Asks: 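This is the structure I have questions about; it appears just below.
These numbers were taken from a predicted model, which means no experiment stands behind them.
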Amino acid sequence: MSSQTSGVRTSVRPVALVTGASAGIGEALARELAARGNDLVIVARDTGRLDALANQLHSAHGSEVEVIGADLVDPSQLAKVEARLADADRPLDIVVNNAGFGTVGEFHTLPIDGDEREIRLNVVALVRLTHAALGPMVVRGSGGILNVSSLAGFQPTARMATYGATKAFVSSFTQAVHEEVKGNGVQVTVLCPGFTRTEFQERAGVPASRLPDVAWQDAPEVAKAGLDALAKGAAVAVPGALNKVTAFMSDAMPSAITRRIAGTLAKLYEG
Ligand SMILES: NC(=O)c1ccc[n+]([C@@H]2O[C@H](COP(=O)([O-])OP(=O)(O)OC[C@H]3O[C@@H](n4cnc5c(N)ncnc54)[C@H](OP(=O)(O)O)[C@@H]3O)[C@@H](O)[C@H]2O)c1
């Protein structure tokens, strides 16, 4: 794990931490937070990409950016990020738990170690970082946590069984914590994107897709929707009209139907 800071603090500005900021939705969240006047702590494994982003954000927006290189699947590296979150001398105003990945294919054919890493990143790291961030925020009576889930968490998702289950956990967990702290001055929101053009698909080994263009969103619009929802104190943010309809239908229909639809969509997604 490495840590470095770009820029010099010249004024008191809110500070936001984003995990998985080296690519995709996390990078877009970091860019949007900097544009909205935040200093940043950005976390991922690829410190080369994080350093380049830190320099860009400092040049473009004057943001002070701290870079933390950490593999959040590794308990000792995760513990260092937890310690940063709990550091009373350097409080954080916003924490975004965005880092995540998906394994795609029939569960029995997938290497089990990959699915275990997926649970460690998507669930264990998110829960531990939420815990580390939330205590100081509740004491202060201010702060916001945005946890990134997925539309895949709205129903069982064949061919992405572990991924969908991790995101169902994130959505349920985050909404429960939202209820616990509402009225304390602390906002806790879950962001549930649908198909979003990022490196997610390539990392999952599904670079091609037969899904139509209309099904896809770009990372910056997803990031803006998530931060707007957090600012409003919403419990759940589903970006995009089509995704909102899909989420509504998933909530309204029995899982015996939605799990079949999700499985069919997952086959199309694999291209
Ligand atoms: N794209 C979609 O269609 C979609 C839809 C719904 C929800 N989501 C969710 O959105 C979030 C962001 O995904 P994305 O689409 O932006 O994917 P992405 O482009 O692949 O970015 C994933 C980010 O997570 C980081 N990361 C991965 N493994 C990590 C680890 N072990 N430790 C620390 N950081 C790690 C990556 O950085 P390094 O490789 O540098 O570590 C990268 O910054 C995920 O939680 C994903 O489940 C995505």
Side-chain angles (χ1 to χ4, degrees), residues 1-72 77 80-81 84-85 87 89-101 126 129 133 137 142-148 187 189-203 216-234 237 239-240:
M1 175 166 148
S2 66
S3 179
Q4 77 159 59
T5 301
S6 295
V8 175
R9 182 182 285 277
T10 52
S11 61
V12 178
R13 290 155 53 108
V15 185
L17 181 146
V18 181
T19 70
S22 63
I25 295 170
E27 181 186 332
L29 284 158
R31 288 185 185 283
E32 184 63 24
L33 283 160
R36 295 184 186 197
N38 290 268
D39 287 337
L40 285 161
V41 183
I42 52 178
V43 183
R45 294 167 300 182
D46 188 334
T47 49
R49 293 176 84 171
L50 293 179
D51 288 341
L53 179 62
N55 288 331
Q56 282 177 29
L57 298 183
H58 182 61
S59 299
H61 305 291
S63 299
E64 180 184 351
V65 185
E66 180 185 341
V67 167
I68 301 180
D71 182 345
L72 298 174
Q77 296 185 39
K80 289 179 188 169
V81 183
R84 173 65 186 86
L85 285 169
D87 185 345
D89 294 333
R90 296 183 295 162
L92 289 152
D93 299 282
I94 293 175
V95 171
V96 183
N97 285 302
N98 161 79
F101 74 97
L126 179 141
L129 295 179
M137 287 180 180
S142 69
I145 298 177
L146 182 66
N147 286 340
V148 180
Q187 313 297 349
T189 299
V190 63
L191 171 63
C192 304
F195 299 108
T196 309
R197 292 182 192 89
T198 66
E199 295 174 15
F200 182 95
Q201 293 76 27
E202 197 181 333
R203 290 178 198 241
W216 292 88
Q217 284 191 292
D218 290 325
E221 60 184 316
V222 171
K224 285 191 184 101
L227 294 176
D228 288 348
L230 181 67
K232 284 183 198 146

Asks: Determine whether a donor-acceptor pair (N or O, by modelled atom type, separation under 3.5 Å) exists between the side chain of Thr19 and the backbone of Val43.
Replies: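 Between the backbone of Val43 and the side chain of Thr19 there is no qualifying donor-acceptor contact (under 3.5 Å).
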Asks: Evaluate the side chain to side chain contact (heavy atoms under 4.5 Å, CB included) criterion for residues Leu230 and Val96: first the C-alpha distance (whole Å), next the side-chain angles of each, then the deciding distance (0.1 Å), finally the verdict.
Replies: CA-CA 10 Å; Leu230 181 67; Val96 183; 5.8 Å; no
Asks: For Pro91 and Val15, which heavy atoms make the closest approach, and how far apart are they?
Replies: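 So the minimum-distance heavy-atom pair works out to O-CB, 4.2 Å.
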Asks: Determine whether Pro239 and Gln217 make a side-chain contact, defined as any pair of heavy atoms from C-beta on separated by less than 4.5 Å.
Replies: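 Yes - at least one pair of side-chain heavy atoms lies under 4.5 Å apart.
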Asks: Please report the interatomic distance CD1(Ile145) to CD1(Ile94), rounded to the nearest 0.5 Å.
Replies: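 Here the interatomic distance stands at 11.0 Å.
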Asks: Could you grab the distance from atom CG of Asn55 to atom OG of Ser63, nearest 0.5 Å is fine?
Replies: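 Taking CG in Asn55 and OG in Ser63, the distance rounds to 12.0 Å.
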Asks: Please identify each residue that fulfils salt bridge (Lys or Arg N to Asp or Glu O under 4.0 Å) with Arg49, with sequence neighbours left out.
Replies: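 Partners of Arg49 under the salt bridge (Lys or Arg N to Asp or Glu O under 4.0 Å) test: Glu199.
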Asks: Does the pair Val222 and Leu191 meet the rule for a side chain to side chain contact (heavy atoms under 4.5 Å, CB included), with working shown?
Replies: CA-CA 9 Å; Val222 171; Leu191 171 63; 4.1 Å; yes
Asks: Would you name the heavy atoms of Leu57 and Ala34 that are closest together and state the gap between them?
Replies: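 Residues Leu57 and Ala34, closest heavy atoms: CD2-CB, 4.0 Å.
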Asks: Between atom CD1 of Ile42 and atom CG of Asn98, what is the distance when rounded to the nearest 0.5 Å?
Replies: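 Between atom CD1 of Ile42 and atom CG of Asn98 there are 12.5 Å.
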Asks: Rounded to the nearest 0.5 Å, what separation is found between the NE2 atom of His58 and the CG atom of Leu40?
Replies: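 Separation between the atoms: 12.5 Å.
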Asks: Quick one: side-chain hydrogen bond (donor to acceptor under 3.5 Å, both in side chains) pairs with a partner in residues 22-32, sequence neighbours left out?
Replies: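 Qualifying pairs: Glu27-Arg31, Arg31-Gln56, Glu32-Arg36.
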Asks: Mark yes or no for whether Gln201, through its side chain, and Thr196, through its backbone, hold a donor-acceptor pair below 3.5 Å.
Replies: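 Side chain of Gln201 to backbone of Thr196, a donor-acceptor pair under 3.5 Å: yes, one is there.
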Asks: Just checking, any donor-acceptor pair under 3.5 angstrom between side chains of Arg203 and Thr198?
Replies: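 There is no such pair between these side chains.
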Asks: For the residue pair Ala54 and Val67, what are the closest heavy atoms and their distance?
Replies: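 Reported closest heavy-atom pair: CB-CG2, 3.9 Å.
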Asks: Could you pull out the closest heavy-atom pair between Leu50 and Ala44, with the gap in Å?
Replies: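 Smallest heavy-atom distance, with atoms named: CD1-N, 3.4 Å.
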Asks: Restricting to non-hydrogen atoms, name the atom on Ala16 and the atom on Leu92 that form the minimum distance, rounded to 0.1 Å.
Replies: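 Shortest heavy-atom contact: C-CD2, 4.3 Å.
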Asks: Might you point out which heavy atoms bring Asp71 and Arg45 nearest each other, and give the distance in Å?
Replies: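 Closest approach of Asp71 to Arg45: CA-CG, 3.6 Å.
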Asks: Taking side chain to side chain contact (heavy atoms under 4.5 Å, CB included) as the definition, give me every residue that meets it alongside Pro14, ordered by chain and number, with sequence neighbours left out.
Replies: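 Result, side chain to side chain contact (heavy atoms under 4.5 Å, CB included) vs Pro14: Asn38, Asp93.
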Asks: Can you find a pair of side-chain heavy atoms, one from Leu129 and one from Leu17, that are under 4.5 Å apart?
Replies: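 No, too far: nothing below the 4.5 Å cut-off.
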